[in-house]
Amino acid sequence: GAVVSQHPSWVICKSGTSVKIECRSLDFQATTMFWYRQFPKQSLMLMATSNEGSKATYEQGVEKDKFLINHASLTLSTLTVTSAHPEDSSFYICSATGGNGANVLTFGAGSRLTVL
Amino acid sequence: TQLLEQSPQFLSIQEGENLTVYCNSSSVFSSLQWYRQEPGEGPVLLVTVVTGGEVKKLKRLTFQFGDARKDSSLHITAAQPGDTGLYLCAGLFGNEKLTFGTGTRLTIIP
């Protein structure tokens, strides 16, 4: 079946630094990928929709300059958390459509970011 | 923004008991999915329901889509510790992106 890989699975960084998280579709092409944020014991909140070859579409309240998204190829989207602060600590999850049919999302295993 | 309310928010029961989790919205879904998520991992799709009144079974799990396509339920029979996890419903409204429910955290006590 379709597989989405996220890297790194966990990262710890100092406040003020930038962190890049990669999301790859391993065996299918994903024209659309989604980035979510999940706080402990809560549901997934959609941050942005990443479209290959075009600008990402951000949800209301998500800072575009804070969370940079690049979807340079049909198999890779990246999320960069710029000038990270402790409040950016969270579990970030990506997903992609196209691997198991329309409107079926395949999720990555998530990336846990801790900002000290 | 569509809102999907799940209930209960938390549920802790003994192994072998039955349980039902609900997902409700004021809007009509085009389709609805149920996911299970374990700590430190991404959600895993359990089922997709499309037709009002549809019932799908996955071993001890029974999923039902409401006739009006505004609600859904997940029933687990003879719960086992391996069923522990965060259960999420996610609805597709028209051609928009999936909206996730508030989640139900289930703990099965051996």
Side-chain angles (χ1 to χ4, degrees), chain A residues 1-11 21 23-26 30-51 56-62 90-114, chain B residues 1-12 21-25 29-51 56 63 65 69 72 74 84-107:
Chain A
V3 177
V4 172
S5 174
Q6 267 187 255
H7 178 80
S9 56
W10 60 270
V11 57
I21 300 171
C23 179
R24 294 181 184 273
S25 56
L26 296 186
T31 55
T32 303
M33 291 184 174
F34 302 90
W35 286 96
Y36 297 83
R37 184 174 182 175
Q38 186 176 32
F39 291 105
K41 302 183 188 241
Q42 294 188 23
S43 187
L44 279 70
M45 298 299 296
L46 180 65
M47 299 175 63
T49 302
S50 173
N51 303 298
T57 304
Y58 289 81
E59 295 300 300
Q60 189 173 9
V62 178
S90 189
F91 194 52
Y92 293 89
I93 307 175
C94 73
S95 69
T97 57
N100 289 313
N103 297 328
V104 177
L105 294 178
T106 302
F107 283 85
S111 299
R112 182 162 300 284
L113 170 63
T114 301
Chain B
T1 302
Q2 289 82 7
L3 183 64
L4 276 73
E5 291 281 352
Q6 284 185 241
S7 61
Q9 186 178 1
F10 299 96
L11 182 59
S12 182
V21 175
Y22 300 93
C23 174
N24 294 284
S25 173
F29 301 107
S30 300
S31 65
L32 185 136
Q33 298 172 354
W34 283 94
Y35 292 82
R36 182 171 71 205
Q37 182 183 24
E38 300 194 17
E41 299 182 11
V44 175
L45 179 67
L46 297 174
V47 76
T48 300
V49 287
V50 179
T51 306
K56 283 191 174 180
F63 304 86
F65 202 12
R69 306 207 327 266
S72 180
L74 158 60
T84 294
L86 177 65
Y87 288 82
L88 296 161
C89 65
L92 187 66
F93 301 89
N95 293 320
E96 296 184 11
K97 45 198 169 284
L98 278 180
T99 298
F100 278 86
T102 49
T104 294
R105 186 163 296 280
L106 174 65
T107 302

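In what follows, chains are A, B, ... by sequence order, proteins preceding strands, each numbered from 1.
- Only the side chain of A:L46 comes within less than 4.5 Å of a heavy atom of chain B; its backbone N, CA, C and O stay farther away.
- Atom CG of B:L88 and atom CG of A:L44 lie 6.0 Å apart (nearest 0.5 Å).
- You'll find the side chain of B:P43 reaches within 4.5 Å of the side chain of A:I93, heavy atoms only.
- A:Q6 does not touch chain B: none of its heavy atoms, backbone or side chain, sits under 4.5 Å away.
- Among residues two or more places apart in sequence or in another chain, the side-chain hydrogen bond (donor to acceptor under 3.5 Å, both in side chains) test is passed with B:R36 by B:Y87.
- Neither the backbone nor the side chain of A:S111 has a heavy atom closer than 4.5 Å to any heavy atom of chain B.
- For the ring-ring contact (aromatic ring centres under 6.0 Å, His included) test, residues two or more places apart in sequence or in another chain that qualify with B:F100 are A:Y36, A:F107, B:Y35.
- With a threshold of 4.5 angstrom between heavy atoms, B:Q37 approaches chain A through side-chain atoms but not through N, CA, C or O.
- A:S43 contributes a side-chain N or O that, together with a main-chain N or O of B:G101, makes up a donor-acceptor pair within less than 3.5 Å.
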